[in-house]
Amino acid sequence: MSQWPRYEVFVKASERGPFRNVGSVHAVDTEMALQNARDVFGRRPPVVAMWVAPESSIVSANSEQVGALNDPGRAKEGRGVKFLIFTKDSHRGSMTFVEERGSVRAPDALAALAKAARTFTSSPAYTWWAVAESSISSTDSDDISSMFHPAATKRYRSPRAYHTHSMMRQIIEASTDGIEVGNE
Amino acid sequence: MSDSTSVEMRDYFLQLADSELVLGHRNSEWTGHAPILEEDIAIANISLDEIGHARLWYRAVSDLSGEDPDRLAFFRNASQFRSSQLVEQPKGDWAFTILRQFLADSAERLLLTHLATSNLEMCVDLAAKIAPEETYHFRHSRSWVKRLALGTAESRRRMQDALDTLWPLTSQIFPSPSAELAASGATPDSAELFGVWADSVESFLTEVSLVTPGGERPVHEARSGHSKSLAPLLAEMQEVAHLEEGAAW
């Protein structure tokens with residue numbers, strides 16, 4: 001069975017926050033990928049913007065591989081192409097993977113990763129992604145009102161709207177309170 | 001608001017509410033069966049949005065008449081419903097559902113644009129709430145109609161078959177206000193609206209090489225009668241509510 005191309009999806013949850021990778025969708029082109037991304041990942045707020053990039057445009061490496069890249073002979077300087085750099089710095093956050101760190105200019109993706117490893121050193125990263133900026137398609141600010149804002153009024157979609165733990169505690173406490181509970 | 005206006009607005013809102021509810025229900029029938037996983041989620045989302053819109057229109061009825069929205073949705077029978085036959089049609093294949101969605105979305109967007117300038121505040125408020133979601137629905141359905149119409153020979157054929165069935169049913173796509181209501185500025189005139197809508201839809205369909213069935217273009221007409229598919233739809237939709245009337249949810 002054939003499969004449509006896969007696009008990685010990045011979500012920006014707030015104006016100041018970074019884009020984070022939240023998963024991927026299959027689509028025939030970027031227009032459909034953005035719509036699918038919104039339907040799959042934009043149902044629960046908050047989202048202010050989304051990016052999609054074809055999986056084939058993403059070059060990834062773990063920290064060892066990036067370390068091996070860090071060879072001055074291979075890391076050519078020069079204006080080059082703008083690459084966005086994403087890293088996974090911790091194991092927190094089960095619903096997200098890599099997060100936007102910044103961008104570098106380099107002649108190709110591997111050179112971009114090497115340069116990124118030298119540039120973004122504030123915390124050790126497990127995984128590095130480089131994506132040419134030209135491969136990324138974005139929603140517009142015009143899209144917020146129709147694509148993302150309606151969900152903001154629907155907090156009932158979020159599991160956090162249901163205070164399950166405290167409700168369960170109350171139920172359990174009530175049942176040990178001398179109130180009869182049948183042996184069914 | 002005078003009593004007669006109130007009665008007429010109630011019927012107008014019911015035409016909107018019942019159509020949204022029926023359309024939402026039809027689209028929900030795709031859950032778990034859509035051709036692509038992402039579309040399964042999309043159509044379920046759209047369906048939920050439609051049902052949410054139905055709720056808003058039922059509440060508008062309730063504001064006027066005091067009737068309970070749940071009773072309106074679950075305890076009226078097919079002859080009492082004011083939905084259009086367009087939305088009552090079974091879901092058909094994906095092409096049919098998507099084309100119907102496109103026709104319904106484009107009509108609703110145009111209607112909401114006019115309701116946004118109604119002299120009735122409740123219409124203005126509801127149009128403002130509903131329009132952003134309809135913008136998104138429209139984008140989605142229009143892009144699918146285009147893809148399928150300009151796709152393979154099979155997708156083109158299915159789209160054309162869907163259009164052949166749906167086009168005559170568009171005569172009832174817009175709700176019918178009474179002449180007084182339209183004249184009063186509470187609602188737009190549906191005959192005029194239909195003309196504007198049909199022009200823009202026909203030009204889009206031509207762009208994507210679909211042909212409206214031969215003969216006269218439909219004209220707006222008031223809703224009367226229902227598809228024979230409505231009664232079974234309601235029987236299914238209302239079944240749980242009817243099992244125990246007066247149950248608290």
Side-chain angles (χ1 to χ4, degrees), chain A residues 1-11 22-55 95 137-158 161-162, chain B residues 20 27-28 30-31 34-53 55-56 59 94 98 101-102 105-106 108-109 112-113 116 125-152 155 208 249:
Chain A
M1 187 171 83
S2 63
Q3 190 68 280
W4 288 345
R6 194 165 64 81
Y7 290 77
E8 289 287 348
V9 178
F10 305 85
V11 165
V22 290
S24 61
V25 293
H26 290 92
V28 296
D29 58 32
T30 58
E31 181 199 21
M32 189 190 277
L34 282 168
Q35 286 180 358
N36 288 348
R38 182 269 193 178
D39 289 323
V40 176
F41 297 109
R43 282 201 76 234
R44 297 185 177 90
V47 176
V48 301
M50 279 183 171
W51 286 345
V52 294
E55 67 154 319
M95 302 302 286
S137 302
S138 178
T139 54
D140 286 317
S141 55
D142 287 347
D143 294 326
I144 294 176
S145 67
S146 63
M147 284 174 86
F148 307 125
H149 180 72
T153 61
K154 300 180 186 183
R155 297 271 161 188
Y156 56 76
R157 290 180 178 172
S158 170
Y162 302 91
Chain B
E20 293 283 67
N27 287 338
S28 77
W30 281 104
T31 311
I36 299 287
L37 175 63
E38 286 85 352
E39 282 307 312
D40 204 288
I41 295 171
I43 198 79
N45 256 335
I46 288 167
S47 170
L48 287 172
D49 285 349
E50 306 283 15
I51 294 169
H53 301 165
R55 226 167 135 223
L56 290 172
R59 284 222 195 104
W94 187 250
I98 278 299
Q101 197 60 37
F102 167 75
D105 289 337
S106 53
E108 197 173 343
R109 279 187 86 220
L112 292 173
T113 308
D125 288 344
L126 286 170
K129 277 202 182 107
I130 294 173
E133 283 180 341
E134 283 302 323
T135 298
Y136 185 68
H137 293 180
F138 176 66
R139 252 170 94 175
H140 175 267
S141 58
R142 184 179 57 178
S143 83
W144 267 97
V145 170
K146 187 172 175 185
R147 285 173 208 290
L148 291 177
L150 298 175
T152 63
S155 70
V208 302
W249 294 85

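Chain A is the first sequence line, chain B the second, and so forth, proteins listed ahead of strands; every chain is numbered from 1.
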Nearest 0.5 Å, what's the [atom1]-[atom2] distance between [X] and [Y]?
X	Y	atom1	atom2	answer
S146(A)	H137(B)	OG	NE2	10.0 Å
D142(A)	T135(B)	CG	OG1	11.0 Å
E133(B)	T153(A)	CD	OG1	7.0 Å
H140(B)	D39(A)	NE2	CG	6.0 Å
E31(A)	R147(B)	CD	CZ	5.0 Å
R38(A)	I41(B)	CZ	CD1	12.0 Å

Would D49(B) and K154(A) count as a side-chain contact (heavy atoms from CB on, under 4.5 Å) if you check the C-alpha gap in whole Å, the side-chain angles of each, and the deciding distance to 0.1 Å?
CA-CA 11 Å; D49(B) 285 349; K154(A) 300 180 186 183; 3.5 Å; yes
Please flag which part of I46(B) lies under 4.5 Å from any non-hydrogen atom of chain A: side chain, backbone, both or neither.
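When you check distances to chain A, no heavy atom of I46(B) falls under 4.5 Å.
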Just by distance, do the side chain of E38(B) and the backbone of H26(A) share a donor-acceptor pair under 3.5 Å?
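Such a contact is found between E38(B) side chain and H26(A) backbone.
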Do Y136(B) side-chain atoms and P150(A) backbone N/O form a donor-acceptor pair below 3.5 Å?
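No, Y136(B) side chain to P150(A) backbone: no donor-acceptor pair under 3.5 Å.
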Looking at R43(A), I'd like to know if its CZ atom is crowded, meaning that more than 12 non-hydrogen atoms belonging to other residues, nucleotides or ligands lie closer than 6.0 Å.
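Buried by this count: over 12 neighbours within 6.0 Å.
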Please look at H149(A) and chain B and tell me whether the side chain, the backbone, both or neither of the residue comes under 4.5 angstrom of a heavy atom of that chain.
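Contact with chain B is absent: no heavy atom of H149(A) under 4.5 Å.
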As a quick check of understanding, evaluate side-chain contact (heavy atoms from CB on, under 4.5 Å) for I36(B) and M32(A), giving each step before the final call.
CA-CA 12 Å; I36(B) 299 287; M32(A) 189 190 277; over 6 Å; no
Between K146(B) and D29(A), is a salt bridge (Lys or Arg N to Asp or Glu O under 4.0 Å) present by the stated rule, with each step listed?
CA-CA 13 Å; K146(B) 187 172 175 185; D29(A) 58 32; over 6 Å; no
